[in-house]
Amino acid sequence: MSTMLSLSGVTAFYGQIQALRGIDLTVEKGEIVTLIGANGAGKSTLMMTICGNPRARTGSIIYQGEDITQCAMHDIARKRIAHAPEGRRIFPRMSVEENLLMGAQVVKFADYDKQLALMFDLFPRLKERINQRGGTLSGGEQQMLAIARALMSKPDLLMLDEPSLGLAPLVVKQIFGAIRQLNRELGLTVLLVEQNAYQALRLAHRGYVLVNGAITMQGGGAELLARPEIKAAYLEGGH
Amino acid sequence: MIAYALQQLINGITLGMVYGLIAVGYTMVYGIIGMINFAHGDVFMVGAYVGIIVLTAFSGMGIAAVPVGLLVALLVSVVLCGVYGFTIERAAYRPLRGSFRLAPLISAIGMSILLENFVQTSQGAKDRAIPEPIPGGFKIMQQHGFVVQMSYMQIAIIVTTLVTLGIFTYIVTKTPLGRAMRAIEQDAKMAALLGVNTNRVISLTFVIGSALAAVAGIMFLSYYGVINFFIGFNAGIKAFTAAVLGGIGSLPGAVLGGLLIGLIEAFWSGYATIAYKDVAVYSILAIVLMFMPTGLLGRADIEKV
């Protein structure tokens, strides 16, 4: 296995406030890696820092052998890192189709139809909604659209921030199923932030625990699930 | 009297088209970076001056074909104003992005004063005039000795504006550039996450807006025949009012607002006193905003989350 992404000593700030305190993290090709932690621990910031906003103040981010620490956001996206960020951020006044077209910004036009067909396979619901405005979709549909939009760029690395937030259990199951399917069938590498630590650790190969902007624990998914301190902090009543 | 009203309608639509073209530039920039580009009216003025320089050069060379001269003036003006728009954004607004909200606004007022003074010193403070480029017109009807006229120039203005707006609408709704512009307007950070070079798209927005202002400048010049370095201020404020009336941020709203203001001005001048036409325009703006704070086609920003 070769390394897809590796962070070493990454720090990031919002103004004066330090959000990340020396993060070391690696993601191997073909892996699903999850970040768990309480609200405000820095999970979303970590993902956004990989995308270049906020920029890492110190440390380095190496993606497929290339240092991307100082790259602009749109350049990072063009290197096939796709991010479905917190809050879904669907373009509300664009149709589903236009949202998907925005996701396909960085791919050749010839690939668009192929990717689109793949997305309709994965989320048939989007096909029915193709001309509807993004802002009028239900929460679950918006989440599917957010993931599909990220996937339209044929990413090597997909980052998902809380894809299950606010969704009905059945929809969550469907979305997690889709992530697993993409990982197994296409070998897609996934970095996942999830509030539902139990489901996330079951899905992931490895996990990192983030507390107050620093990584306090790491290990295999099943291994972390079995740890008593994880159980106490993140799993009690969580499943 | 129908004939008289019809004449005001024709005049109002012509004037409104020019306002609409300028208003689109205001509303576009507002939509994409949330600032009022107060220098936009002066780009329009520069466009008119480029027109007069080209037309003078043409007649100086003894070329008599005025419509050709006008077309060349239009193209040169569009290109030069595009460069102006690009430079203004680069020099005066981009360094202030992320700063407090008033900073680019003040910078815009500075750019406006700079352009006015630049033209005043380089072209002189006196009014400049050209002979009517395309004289003549149609007689549409006659009633009680009053002749309703639609000049060829008015037709040219209306047709050019419609073509320009058509091209512009196509760019915004159908091309990847237009899609990226709308995406930035709705969520700039997300657009960047998807690979949109937001700085480039913002630059192009200024270029397109300025090109539209250039078209409006040439229209204004050929319709009135007289310009000075200060026309940008008045037309700019009117067009800005049009953008607000139509709902700032809304492109069809800008055109609608422009048309309405043109019509209000024409009818007020025709039936009441011409001295108070601006009072009428701004009163109607105030009344509309009292009942529809987001303008006629503007939207309240309520979205389902």
Side-chain angles (χ1 to χ4, degrees), chain A residues 15 47-48 50-54 71-95 97-107 109 112 132-139 141-143 145-146 149-155 159 161 165-166, chain B residues 27-28 30-34 90 94-95 97-100 169-205 247-254 294-295 297-305:
Chain A
M47 285 189 153
M48 286 307 287
I50 294 169
C51 292
N53 183 324
C71 283
M73 275 174 102
H74 63 267
D75 285 327
I76 294 174
R78 283 170 196 184
K79 295 180 197 300
R80 301 290 159 81
I81 297 182
H83 186 21
E86 192 178 16
R88 308 191 268 262
R89 301 183 90 146
I90 296 301
F91 298 115
R93 293 181 296 282
M94 283 190 179
S95 66
E97 187 177 20
E98 282 191 307
N99 268 282
L100 292 173
L101 274 165
M102 283 307 299
Q105 277 273 113
V106 299
V107 297
F109 197 71
Y112 174 71
Q132 201 170 316
R133 281 172 148 215
T136 65
L137 297 178
S138 74
E141 288 164 346
Q142 284 196 357
Q143 191 60 59
L145 179 56
R149 182 178 61 183
L151 285 169
M152 285 304 287
S153 64
K154 286 175 70 182
M159 298 199 281
D161 196 344
L165 189 68
Chain B
T27 218
M28 245 171 117
Y30 182 83
I32 206 158
I33 51 173
R90 235 12 209 280
R94 189 178 297 182
R97 214 175 290 151
S99 164
F100 64 107
T169 308
Y170 176 80
I171 292 176
V172 171
T173 56
K174 294 284 182 317
T175 65
L177 171 66
R179 203 158 42 235
M181 281 163 60
R182 284 179 291 134
I184 292 176
E185 188 223 315
Q186 294 175 32
D187 187 342
K189 207 177 195 181
M190 190 64 230
L193 276 177
L194 293 171
V196 174
N197 184 344
T198 45
N199 277 334
R200 207 183 115 239
V201 174
I202 290 169
S203 280
L204 286 172
T205 304
I248 190 125
S250 158
L251 296 172
T294 54
L297 299 184
R299 45 158 208 279
D301 255 326
I302 303 167
E303 296 289 346
K304 194 169 161 187
V305 184

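In what follows, every chain begins at residue 1, and chains take the letters A, B, ... in the order their sequences are listed.
Checking side-chain atoms of B/Asp187 against main-chain N and O of A/Phe91 turns up no donor-acceptor pair under 3.5 Å.
For A/Met152, no part lies under 4.5 angstrom from a heavy atom of chain B.
Heavy-atom neighbours of chain A within the stretch residues 169-180 of chain B, taken at a separation under 4.5 angstrom, comprise B/Thr173, B/Arg179, B/Ala180.
Residues A/Lys79 and A/Cys71 have side chains in contact (heavy-atom distance under 4.5 Å, counting atoms from C-beta outward). Side chains of B/Leu193 and A/Met48 form a contact here, defined as non-hydrogen atoms less than 4.5 Å apart. Side-chain contact check for B/Met28 versus B/Met181: some heavy-atom pair is nearer than 4.5 Å.
Applying the salt bridge (charged side-chain N to carboxylate O under 4.0 Å, His left out) test to B/Arg200 and every residue at least two apart in sequence or in another chain returns nothing.
Smallest separation of non-hydrogen atoms from A/Asp161 and A/His83: CB-CE1, 4.1 Å.
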